[in-house]
Amino acid sequence: IWPEKHSKTIIPYSLFTKEILYGGTKSSRRHISGLLDLDTPPHFDLVVVDEAHHIRNRETYAYAGVEFFCRNADAVVLLTATPIQTGDDDLYTLLNLLRPDMVTDPDTFQLMARPNPYINLAVRAARTASEHWQQEALEALGEACHTQWGSHVICKDLRYQSALQVLTQTEISQKERVNLISDLEGLHSFSSMINRTRRQDIQDFCVRRCHTIETTFTERQRMLHDGVLQFEAKALSALHGNQNVTFMLGTIRRQVASCVFGLAPFLRNLLDRRINQITEDAELDFEHTLCEDPEI
């Protein structure tokens with residue numbers, strides 16, 4: 001049963017492990033249920049997925065965990081700094097998770113996406129307003145309407161008709177061009193799902209002001225922090241010598257000083273990785289010694 005006290009909660013991606021999602025078997029051979037085994041799944045009014053590009057691969061445990069919560073939520077918001085710069089497959093995964101009722105499968109996604117490059121060309125022409133930009137925008141819109149999605153959806157949109165009317169005018173005012181750009185952006189197939197905020201639009205609205213707040217570890221936190229760093233420093237020294245060990249400790253130092261609950265799976269992966277690396281290096285050194293021995 002999902003605890004009532006977690007009706008509002010923050011979950012790091014690192015908690016979505018195989019054991020947490022699917023459960024496991026204890027030494028007594030008794031199966032321990034996982035998150036996906038909950039008989040009545042938790043229901044949320046809103047799920048906010050920050051850094052959503054981490055779930056662009058549907059084969060990961062992170063995706064499985066997030067998909068579980070999104071499937072049982074009234075509303076979902078995905079946040080990421082680079083939603084359009086991911087590949088088509090990645091964007092399909094995110095939009096399918098967000099609106100499975102609309103972006104139902106890869107073929108539908110490709111069908112919807114086909115006119116968008118032409119819409120982007122029309123928007124770019126209207127933004128730059130260089131010589132012959134109206135003709136360029138008209139030609140781009142014509143190409144968009146020659147696609148299957150464009151002929152059935154875009155050409156019937158009132159914003160499309162309004163854009164054609166403005167683009168065929170002899171003179172276009174600054175205000176009309178601004179409204180035109182807004183209409184053209186609204187013709188993008190995924191405009192109802194993606195809200196792209198540009199840095200120049202934000203300007204000084206969101207200015208980062210950093211303030212350092214010092215705090216102290218408890219004794220147990222200090223032991224954990226120092227112990228992890230000592231282990232990693234020794235492992236890195238064994239693997240790479242003493243070269244740049246301090247630099248390589250930067251990432252783990254931030255992790256250890258951050259969320260303790262997110263640290264456990266991180267440490268489990270770290271230990272497995274380092275022990276395997278050290279074991280493999282030792283075996284390679286042994287083989288190298290044998291090959292150089294003149295008696296063999």
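Everything numeric in this text was worked out from a predicted model, so none of it was measured.
- The backbone N or O of Tyr118 sits nowhere less than 3.5 Å from a side-chain atom of Glu143 that would complete a donor-acceptor pair.
- Ile20 is not connected to Ile11 by any chain of hydrophobic side-chain contacts under 4.5 Å among Ile, Leu, Val, Met, Phe, Trp and Tyr, and they are in different clusters.
- Considering only heavy atoms from C-beta on, His188 stays 4.5 Å or farther from Val123 through its side chain.
- The closest donor-acceptor contact from the side chain of Asp37 to the backbone of Gly34 lies under 3.5 Å.
- Within the 4.5 Å cutoff, the side chain of Ile119 has heavy atoms near those of the Ile154 side chain.
- Hydrophobic cluster membership for Val77: Leu46, Val48, Leu79 (Ile, Leu, Val, Met, Phe, Trp, Tyr linked by side-chain heavy atoms under 4.5 Å, directly or transitively).
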Task: Worked verdict on Leu187 versus Asp157 for side-chain contact (heavy atoms from CB on, under 4.5 Å) - done: CA-CA 8 Å; Leu187 295 176; Asp157 195 305; 3.8 Å; yes
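- Under the 4.5 Å side-chain contact rule for hydrophobic residues, Leu167 and Val178 do not share a cluster.
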- [ ] I would like to know whether Met112 and Val153 meet side-chain contact (heavy atoms from CB on, under 4.5 Å); could you show each step before the answer?
- [x] CA-CA 9 Å; Met112 296 176 68; Val153 179; over 6 Å; no
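- Atom CG of Asp39 sits in a sparse spot, with 12 or fewer heavy atoms from other residues, nucleotides or ligands closer than 6.0 Å.
- The backbone N or O of Gly142 lies less than 3.5 Å from a partner atom in the side chain of His146, making a donor-acceptor pair.
- Across Arg58, His53, Arg56, a single residue satisfies side chain to side chain contact (heavy atoms under 4.5 Å, CB included) together with Asp90, and that is Arg56.
- Ring orientation note: the planes of His225 and Phe217 are tilted relative to one another, at an angle of 30° to 60°.
- Counting heavy atoms from C-beta outward, Leu141 and Leu184 have side chains that approach closer than 4.5 Å.
- Sequence neighbours left out, the pairs with a member in residues 122-198 that pass disulfide bond (SG atoms under 2.5 Å apart) are Cys145-Cys155.
- Using a 4.5 Å heavy-atom threshold, the side chains of His6 and Lys8 count as separate.
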Open item on the list: Apply side-chain contact (heavy atoms from CB on, under 4.5 Å) to residues Leu98 and Val49 and explain how you reach the verdict.
Closed with: CA-CA 10 Å; Leu98 187 69; Val49 184; over 6 Å; no
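- The main-chain N or O of His132 is never found under 3.5 Å from a side-chain atom of Gln135 such that the two would form a donor-acceptor pair.
- Grouped by direct or indirect side-chain proximity (heavy atoms under 4.5 Å, Ile/Leu/Val/Met/Phe/Trp/Tyr only), Ile1 sits alone.
- With a 6.0 Å radius and a threshold of 12 heavy atoms from other residues, nucleotides or ligands, His43 has its NE2 atom above the threshold.
- Residues passing the ring-ring contact (aromatic ring centres under 6.0 Å, His included) test with Phe69 are Trp2, Phe44, sequence neighbours excluded.
- The ring-ring contact (aromatic ring centres under 6.0 Å, His included) test applied to Phe109 returns Tyr92, Phe190, not counting sequence neighbours.
- No continuous path of hydrophobic side-chain contacts links Leu180 to Leu121 [ILVMFWY only; heavy atoms under 4.5 Å].
- The CD1 atom of Ile55 sits 5.5 Å away from atom CG of Leu94, with the distance rounded to the nearest 0.5 Å.
- Rounded to the nearest 0.5 Å, atoms CG (Asp89) and CG (Asn96) are 12.0 Å apart.
- A donor-acceptor contact shorter than 3.5 Å is absent between the side chain of Ser162 and the backbone of Leu158.
- Using modelled atom types, no side-chain atom of Thr104 and backbone atom of Pro100 make a donor-acceptor pair closer than 3.5 Å.
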- [ ] Run the numbers on Thr60 and Asn57 for side chain to side chain donor-acceptor pair (under 3.5 Å), then give the verdict.
- [x] CA-CA 6 Å; Thr60 62; Asn57 182 356; 5.5 Å; no
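- Glu19 places none of its side-chain heavy atoms less than 4.5 Å from the side chain of Tyr22.
- Between the Glu232 side chain and the Gly227 main chain, no donor and acceptor come within less than 3.5 Å of each other.
- With 3.5 Å as the limit, one finds a donor-acceptor pair spanning the side chains of Ser173 and Glu176.
- In terms of heavy-atom proximity, Tyr13 sits nearest to His54 at CE1-CD2, 3.7 Å.
- When the side chain to side chain contact (heavy atoms under 4.5 Å, CB included) test is applied to Arg177, the partners found at least two apart in sequence or on another chain are Ala129, Trp133, Ile172, Gln174, Ile181.
- Between Trp149 and Arg114 the shortest side-chain heavy-atom distance does not fall below 4.5 Å.
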TODO: Mind running side-chain contact (heavy atoms from CB on, under 4.5 Å) on Glu136 and Arg124 for me, showing each step along the way?
DONE: CA-CA 10 Å; Glu136 292 175 6; Arg124 192 175 304 118; over 6 Å; no
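- Applying the 6.0 Å contact sphere to CD of Gln161 captures more than 12 heavy atoms from other residues, nucleotides or ligands.
- By the 4.0 Å N-to-carboxylate-O rule, Arg159 lies too far from Asp183 to be salt-bridged with it.
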